[in-house]
Amino acid sequence: DGGITQSPKYLFRKEGQNVTLSCEQNLNHDAMYWYRQDPGQGLRLIYYSQIVNDFQKGDIAEGYSVSREKKESFPLTVTSAQKNPTAFYLCASTPAGRTEAFFGQGTRLTVV
Amino acid sequence: RKEVEQDPGPFNVPEGATVAFNCTYSNSASQSFFWYRQDCRKEPKLLMSVYSSGNEDGRFTAQLNRASQYISLLIRDSKLSDSATYLCVVNELNSGYALNFGKGTSLLVTP
């Protein structure tokens with residue numbers, strides 16, 4: 001079945017550590033996105049990529065980094081520079097010419 | 001990016017009731033409009049797109065007023081399974097077609 005897979009589902013990180021969240025899609029979608037959601041809040045855009053080897057900062061990119069070496073994959077690294085990384089992270093993708101986004105099941109990151 | 005505003009609720013309604021959610025957006029250049037549904041601790045899922053002419057999908061009706069920059073969602077004959085958070089979502093060209101989300105309106109349907 002086609003879809004977007006995020007892993008892991010739950011992740012615990014010590015302060016000062018970098019951690020990478022995985023996002024893989026087999027939908028052949030061109031564009032991929034990373035959002036962050038805090039309790040009681042809407043989704044906020046971190047980074048997006050419209051084609052391989054290209055990506056753009058979203059509204060809250062500070063403390064995060066991404067890569068897009070393959071169409072299927074868009075990993076997000078949460079660096080130690082991100083001051084408040086505990087949140088629900090959602091990866092999404094959209095097909096070319098369409099704007100409806102399809103989401104992965106999310107990764108809950110907790111800093112301990 | 002400019003904002004998408006929703007009444008956070010919660011809306012508590014009995015089964016069978018009709019409930020309406022409203023949303024306003026500030027970017028007049030917005031091009032596409034959606035309602036997403038999000039269950040507790042889950043990812044958002046597309047409920048329906050919103051078209052200028054208005055559109056209906058079963059018990060759900062969505063309306064768009066571009067002049068007033070206003071979007072609505074009407075749910076008729078509410079079911080217990082409709083309990084969720086409803087997200088108003090707008091697409092903006094200047095973010096590579098990334099979606100701009102409202103904070104959501106929480107709905108609880110009670111027996």
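Chain letters run A, B, ... following the sequence lines, proteins first, then strands; residues in each count from 1.
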### Query
So if you build clusters from Ile, Leu, Val, Met, Phe, Trp, Tyr with side-chain heavy-atom gaps below 4.5 Å, do B:W35 and B:L64 land together?
yes
### Query
Would A:F102 and B:L47 show up in the same hydrophobic cluster when neighbours are defined by side-chain heavy atoms closer than 4.5 Å?
no
### Task
Answer yes if B:I71 and B:I75 sit in the same cluster of Ile, Leu, Val, Met, Phe, Trp and Tyr residues linked by side chain heavy atoms under 4.5 Å apart, and no otherwise.
yes
### Query
If we only count heavy atoms from C-beta on, is the A:F103 to B:K45 side-chain gap below 4.5 Å?
no
### Query
Any idea which heavy atoms bring B:S49 and A:E100 closest together, and the distance?
OG-CG, 4.2 Å
### Query
Is it true that A:L21 and A:Y48 fall in one hydrophobic cluster, defined by side-chain heavy atoms closer than 4.5 Å?
no
### Message
With clusters defined by side-chain heavy atoms of hydrophobic residues (ILVMFWY) lying less than 4.5 Å apart, directly or transitively, does A:L90 cluster with A:V66?
### Response
no
### Message
Under 3.5 Å, is there a donor on one side chain and an acceptor on the other for B:Q38 and A:Q37?
### Response
yes
### Task
Determine the option with the most heavy-atom pairs under 4.5 angstrom with chain B, choosing from A:K57, A:Q6, A:Q41.
A:Q41
### Task
Check whether any side-chain heavy atom of B:R41 sits under 4.5 Å from a side-chain heavy atom of A:R108, and report yes or no.
yes
### Query
Which bit of A:F88 is near chain B, if near means a heavy-atom gap under 4.5 Å: side chain, backbone, both or neither?
side chain
### Query
Where on B:T85 is there a heavy atom nearer than 4.5 Å to chain A: the side chain, the backbone, both, or neither?
neither
### Summary
Okay, A:Q56 and chain B: the region with an atom under 4.5 Å from a heavy atom over there is neither
### Query
Taking the side chain from A:Y35 and the backbone from B:L99, do they hold a donor-acceptor pair closer than 3.5 Å?
yes
### Query
Do any of residues 72-81 of chain A have a heavy atom less than 4.5 Å from a heavy atom of chain B, and if so, which, in residue order?
none
### Message
Atom OH of residue position B:Y70 - does it have more than 12 heavy atoms of other residues, nucleotides or ligands inside 6.0 Å?
### Response
yes
